[in-house]
Amino acid sequence: MYVILDKGLFNMKVTHLTESEFGSVVTEIDLLNLSTEDSNIILSLWNERALLIFPDIYLSPKGQDHFARLFGALEFPRTAISNLGKDGIIHQDPADDVVKVIRGNEGWHHDSTYMPIQARGAVFSADIVPKEGGLTGWADMRAAYNAMNVSMKEKVSSLSAYHSYYYSQGRDGYLPNGQNSDGTYNAYGFHDGEACLRPLVKIHPFTKLPNLLLGRHAHDVTGMLANESEEFMDQLNEFACNESRTYFHQWNEGDAVVWDNRRLMHRVTPYNMSKPRRMWHTRIAGDPNTEMAINYR
Ligand code: OGA
Ligand code: MN
């Protein structure tokens with residue numbers, strides 16, 4: 001189904017990951033000087049493979065945002081996802097708001113489903129990498145949908161859930177207490193409007209194929225009691241993120257990726273927070289026509 005592109009025809013080498021139905025490693029490419037033809041190849045490859053990995057690419061700060069704009073307008077520009085404070089201190093106290101945000105990322109999620117417009121994707125790069133842990137994992141929600149039997153498909157297709165960062169951080173005991181006056185802490189995501197309602201099945205706007213839309217921010221499934229919904233979603237998340245549908249990337253400094261947040265969930269694996277880790281995240285905005293919460297239309 002997929003063509004392995006050859007450097008002889010196009011200015012890049014593409015190798016598909018074999019562990020899962022998504023993900024490709026792209027090498028021998030200059031991401032900042034793409035021809036129109038190569039840009040189109042990267043875009044369609046991304047829509048099909050959902051995760052593109054560019055090892056040892058060392059994007060510059062401006063270069064990362066420039067590359068991200070190939071995929072759409074930015075929800076926010078390159079931002080540090082790090083336990084290393086601006087003043088050089090390492091945030092490691094469990095009561096520290098910076099630590100709580102990072103620990104929250106250990107649960108499977110799609111980004112910005114708690115905002116009126118869900119993110120389209122992200123360009124993410126590694127700057128400081130701990131020796132152990134701190135891998136990023138992705139899980140394929142298209143494969144998860146396809147793995148369900150007909151009656152489960154029918155059931156989930158009729159359901160929606162609210163998404164809220166207050167819910168996910170609150171459930172895990174990670175609500176902020178407002179310290180971190182060094183400006184490191186970023187309260188992004190605590191959206192104060194009505195929680196965003198989203199169907200559990202999303203039709204991917206490019207491929208038109210269905211995938212599950214779940215994760216730690218999703219709660220209060222329509223037509224269910226709160227505890228019934230929590231149990232249902234916990235089980236569904238566990239099923240969906242079965243190992244067979246995941247890939248975990250062991251980072252090297254200078255690696256960059258771009259993922260499709262409409263189809264994939266992601267998470268960070270735990271690491272020793274007395275050691276620094278710094279990643280850079282450029283978030284690509286969703287399309288209001290297809291990523292807007294149904295109660296915000
Ligand atoms: C994020 C996120 C995971 C990681 O930045 O949105 O979930 O590996 N990061 O740091
Ligand atoms: Mn995230």
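Order of appearance sets the numbers: ligands from 1, and atoms from 1 within every ligand. These values consider heavy atoms only, across backbone and side chains, with no hydrogens, waters or symmetry-generated copies.
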**Report entry** Aromatic centroids of Y165 and H217 separated by under 6.0 Å
**Finding:** yes

Query raised in the report: Counting heavy atoms not belonging to K153, are there more than 12 under 6.0 Å from its NZ?
Result: yes

Report summary line: of all protein heavy atoms, closest to atom 8 (O) of ligand 1 is T136 OG1, 2.6 Å

Query - Numbering as shown, the atoms of ligand 1 that approach N105 to under 4.0 Å (heavy-atom distance) - result: 1 (C), 2 (C), 7 (O), 9 (N)

Query - Closest candidate by heavy atom, reference atom 5 (O) of ligand 1, pool R283, H281, R278 - result: H281

Query - Subset of ligand 1 atoms that lie under 4.0 Å from at least one heavy atom of D111 - result: 6 (O)

**Report entry** Heavy-atom side-chain proximity of Q118 to S112 below 4.5 angstrom
**Finding:** no

Requested in this report: Please report which non-hydrogen protein atom sits nearest to atom 3 (C) of ligand 1, along with the residue it belongs to and the distance in Å to one decimal place.
Outcome: V268 CB, 3.9 Å

Query raised in the report: W46 and F71: aromatic ring centres closer than 6.0 Å?
Result: yes

**Report entry** Closest heavy-atom pair and its distance - S229, V221
**Finding:** OG-N, 2.9 Å

Query raised in the report: Would a line drawn from the ring center of F67 to the ring center of F54 be shorter than 6.0 Å?
Result: yes

Query - Atom indices of ligand 1, in the order listed, that fall short of 4.0 Å to a heavy atom of H266 - result: 1 (C), 2 (C), 6 (O), 7 (O)

Report task. Flag H109 as yes when one of its N or O atoms lies below 3.5 Å from any N or O atom of ligand 1, and as no otherwise. Result -> yes

Report task. Specify the protein heavy atom at minimum distance from atom 9 (N) of ligand 1: its residue, its atom name, and the distance to 0.1 Å. Result -> F124 CZ, 3.7 Å

Query raised in the report: In this structure, which one of R120, R198, K202, R297 forms a salt bridge (Lys or Arg N to Asp or Glu O under 4.0 Å) with E291?
Result: K202

Requested in this report: Look at atom 10 (O) of ligand 1 and say which protein heavy atom is nearest, naming residue and atom and giving the distance to 0.1 Å.
Outcome: R277 NH1, 2.8 Å

Query raised in the report: Does any N or O in the side chain of S82 come within less than 3.5 Å of the main-chain N or O of R277, such that one atom is a donor and the other an acceptor?
Result: yes

**Report entry** Qualifying residue for ring-ring contact (aromatic ring centres under 6.0 Å, His included) with H266, from H281, H109, H249
**Finding:** H109

Query - Protein N, O or S within less than 2.8 Å of the Mn ion (ligand 2), waters excluded - result: H109 NE2, D111 OD1, H266 NE2

Report summary line: The reported gap from CE in M292 to CG in N295 (rounded to nearest 0.5 angstrom) is 10.5 Å

